[in-house]
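Everything on this sheet refers to the single structure shown next.
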Amino acid sequence: MLIKVMRGWELPENCASPEGFSLGRRALLATALATTALPSFAHAGEKYAAGRDITPEKNATTYNNYYEFSTDKDLWQEAQALKMDPWSISFTGAVEKEQTLSLSELLRQVTLEDRVYRHRCVEAWSMVVPWTGFPMAKLVALAAPLSSAKYVAFTTLADKKTMPGLRMPFYPWPYVDSVTMAEAMNDLAFIPTGMYGRSLPPQNGGPIRIHLPWKYGFKSVKSIIKVSFLEKRPIGMWEQLQASEYGFWANVNPAVSHPRWSQASERDIGTGKRIPTQLYNGYGEFVAGLYADMPGEKLYM
Ligand code: MTE
């Protein structure tokens with residue numbers, strides 16, 4: 001991985017992607033204090049205790065889903081073709097003013113924090129990852145949505161030159177998925193820019209992705225280039241492809257099977273052990289309230 005030596009005037013993309021862990025976090029913080037343009041760090045501590053061992057970095061970064069590159073789990077080498085610098089994100093739809101921000105411009109306006117989250121894929125494997133990033137609520141605030149906005153959709157880069165998976169014609173690219181505004185504002189909804197103290201690698205959705213730990217992993221869109229505020233509920237890529245199996249809500253629930261397999265347990269990709277799956281992936285106390293009084297909604301697919 002490239003470790004950039006920063007010149008005084010340069011914006012610190014490596015802060016977002018906290019090389020600080022490897023360079024020595026204290027040193028990084030000292031630099032941050034000396035340079036006003038740097039984003040600041042805040043330690044969230046154990047606000048959302050994972051309750052399980054952190055998955056070894058090697059497992060979490062070499063066993064991935066990123067269909068734009070390949071449907072194989074060992075796509076990490078192919079994913080290195082992803083060009084993550086320069087990177088920008090556009091904010092579109094029901095916002096006060098549509099705008100495009102470079103990643104550096106965005107990161108200058110947020111405070112980074114560390115969070116250890118469980119991640120549960122709809123395919124019944126899971127991991128525990130130490131992310132660095134910022135709350136999705138902060139991204140929403142920066143976008144200044146209009147009161148008519150009810151949903152936020154996230155779109156992945158679709159670059160035919162570097163992503164061979166885009167040649168699979170039956171997938172309705174680009175990869176897109178969305179949440180309600182209330183979900184986006186929930187403190188658990190997170191925007192990682194780093195993991196294991198390093199930049200977010202391409203295979204895990206670098207340079208910036210979303211993570212919604214109480215939902216099946218397919219909702220956690222990687223390598224985002226567009227954030228759209230919408231009045232009507234959009235249809236995500238998986239829902240468009242197979243609505244009978246993948247819905248809008250996709251909240252983790254061990255009692256509701258996927259049409260083709262049970263969701264009662266999951267395989268931890270760090271230990272290889274099978275463990276029971278928890279309702280809302282164990283985050284019910286923080287998110288269950290979002291789904292009170294929603295008769296008729298398929299909340300768990
Ligand atoms: N985002 C994009 N753009 N393409 C994908 O194929 N796969 C999803 C999600 N986000 C996917 C994606 C699925 S199914 C899962 S489980 C997680 O990314 C996997 O994230 P990880 O590779 O960091 O574990």
Side-chain angles (χ1 to χ4, degrees), residues 17 54-82 84 87 89 115-133 153-160 162-168 170-179 189-196 198-227 236-242 245-247 250-252 258 260-261 263 266-270 277 281 301:
S17 45
I54 288 178
T55 302
E57 182 179 0
K58 179 105 177 124
N59 299 65
T61 54
T62 57
Y63 184 92
N64 298 102
N65 272 338
Y66 203 154
Y67 275 33
E68 288 88 332
F69 288 100
S70 170
T71 53
D72 296 333
K73 293 285 185 284
D74 62 352
L75 53 84
W76 66 273
Q77 276 168 308
E78 281 154 290
Q80 304 311 307
L82 181 67
M84 300 196 292
W87 194 269
I89 301 182
R115 292 194 188 179
V116 179
Y117 275 175
R118 297 180 292 274
H119 172 89
R120 169 57 157 89
C121 180
V122 74
E123 298 164 338
W125 55 266
S126 67
M127 60 183 183
V128 179
V129 173
W131 304 104
T132 301
F154 298 88
T155 307
T156 298
L157 173 77
D159 176 25
K160 286 205 172 113
T162 51
M163 297 171 149
L166 297 180
R167 285 186 228 129
M168 295 188 287
F170 35 89
Y171 287 93
W173 308 110
Y175 197 107
V176 59
D177 220 308
S178 58
V179 291
F190 202 56
I191 311 276
T193 53
M195 65 194 291
Y196 296 91
R198 293 184 224 274
S199 320
L200 202 55
Q203 65 271 30
N204 291 90
I208 181 166
R209 71 177 296 173
I210 70 169
H211 195 243
L212 305 158
W214 71 100
K215 291 179 179 284
Y216 291 117
F218 72 87
K219 296 289 292 184
S220 290
V221 181
K222 293 181 164 180
S223 311
I224 56 170
I225 55 158
K226 188 161 76 168
V227 182
M237 191 194 81
W238 283 105
E239 190 179 359
Q240 209 175 317
L241 188 70
Q242 191 69 284
E245 300 192 350
Y246 307 101
N251 295 310
V252 175
H258 184 277
R260 290 182 282 133
W261 59 83
Q263 296 290 26
E266 62 205 54
R267 181 177 55 88
D268 180 303
I269 64 163
T277 288
N281 199 22
M301 65 157 277

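Counting from 1, the numbers follow the sequence of the chain as shown. Every number for a ligand or one of its atoms is a count from 1 in the order of the listing.
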Practice prompt. Mind checking whether Glu68 contacts ligand 1 via backbone (N, CA, C, O), side chain (CB onward), both or neither, at a 4.0 Å heavy-atom cut-off?
Written response: side chain
Response to the item:
Heavy atoms of Pro207 and Met84 approach each other most closely as N-SD, 3.5 Å
Worksheet item: What closest approach, in Å, do Phe69 and Pro164 show between heavy atoms, and which atom pair accounts for it?
Response: O-CG, 3.6 Å
For a 4.5 angstrom cut-off between non-hydrogen side-chain atoms, does [X] reach [Y]?
| X | Y | result |
| --- | --- | --- |
| Ile210 | Ile191 | yes |
| Thr193 | Leu200 | no |
| Glu123 | Asn65 | yes |
| Glu78 | Met163 | no |
| Tyr175 | Lys222 | no |
| Tyr216 | Gln263 | yes |

Closest non-hydrogen protein atom to [atom], residue and atom name please, with distance?
| atom | result |
| --- | --- |
| atom 5 (C) of ligand 1 | Tyr175 CE1, 3.2 Å |
| atom 6 (O) of ligand 1 | Tyr67 N, 2.7 Å |
| atom 21 (P) of ligand 1 | Lys222 NZ, 3.4 Å |
| atom 16 (S) of ligand 1 | Cys121 SG, 3.2 Å |
| atom 19 (C) of ligand 1 | His119 NE2, 3.7 Å |
| atom 7 (N) of ligand 1 | Asn65 O, 3.4 Å |

Worksheet entry | Trp125 atom CH2, over 12 foreign heavy atoms within 6.0 Å | yes
Under 4.0 Å, counting heavy atoms only: does [X] come that close to any atom of ligand 1?
| X | value |
| --- | --- |
| Trp125 | yes |
| Met127 | yes |
| Arg209 | yes |
| Ser220 | yes |

Any atoms of ligand 1 less than 4.0 Å from a non-hydrogen atom of [X]? List them with their elements.
| X | value |
| --- | --- |
| Phe218 | 8 (C), 13 (C), 14 (S) |
| Asn204 | 21 (P), 23 (O) |
| Tyr66 | 3 (N), 4 (N), 5 (C), 6 (O) |

Response to the item:
Sorted by chain and residue number, the side-chain contact (heavy atoms from CB on, under 4.5 Å) partners of Thr155 (sequence neighbours excluded) come out as Pro174, Val176, Lys226
Discussion item. Evaluate Asn64 for polar contact with ligand 1, using N/O atom pairs at a separation under 3.5 Å.
Written reply: yes
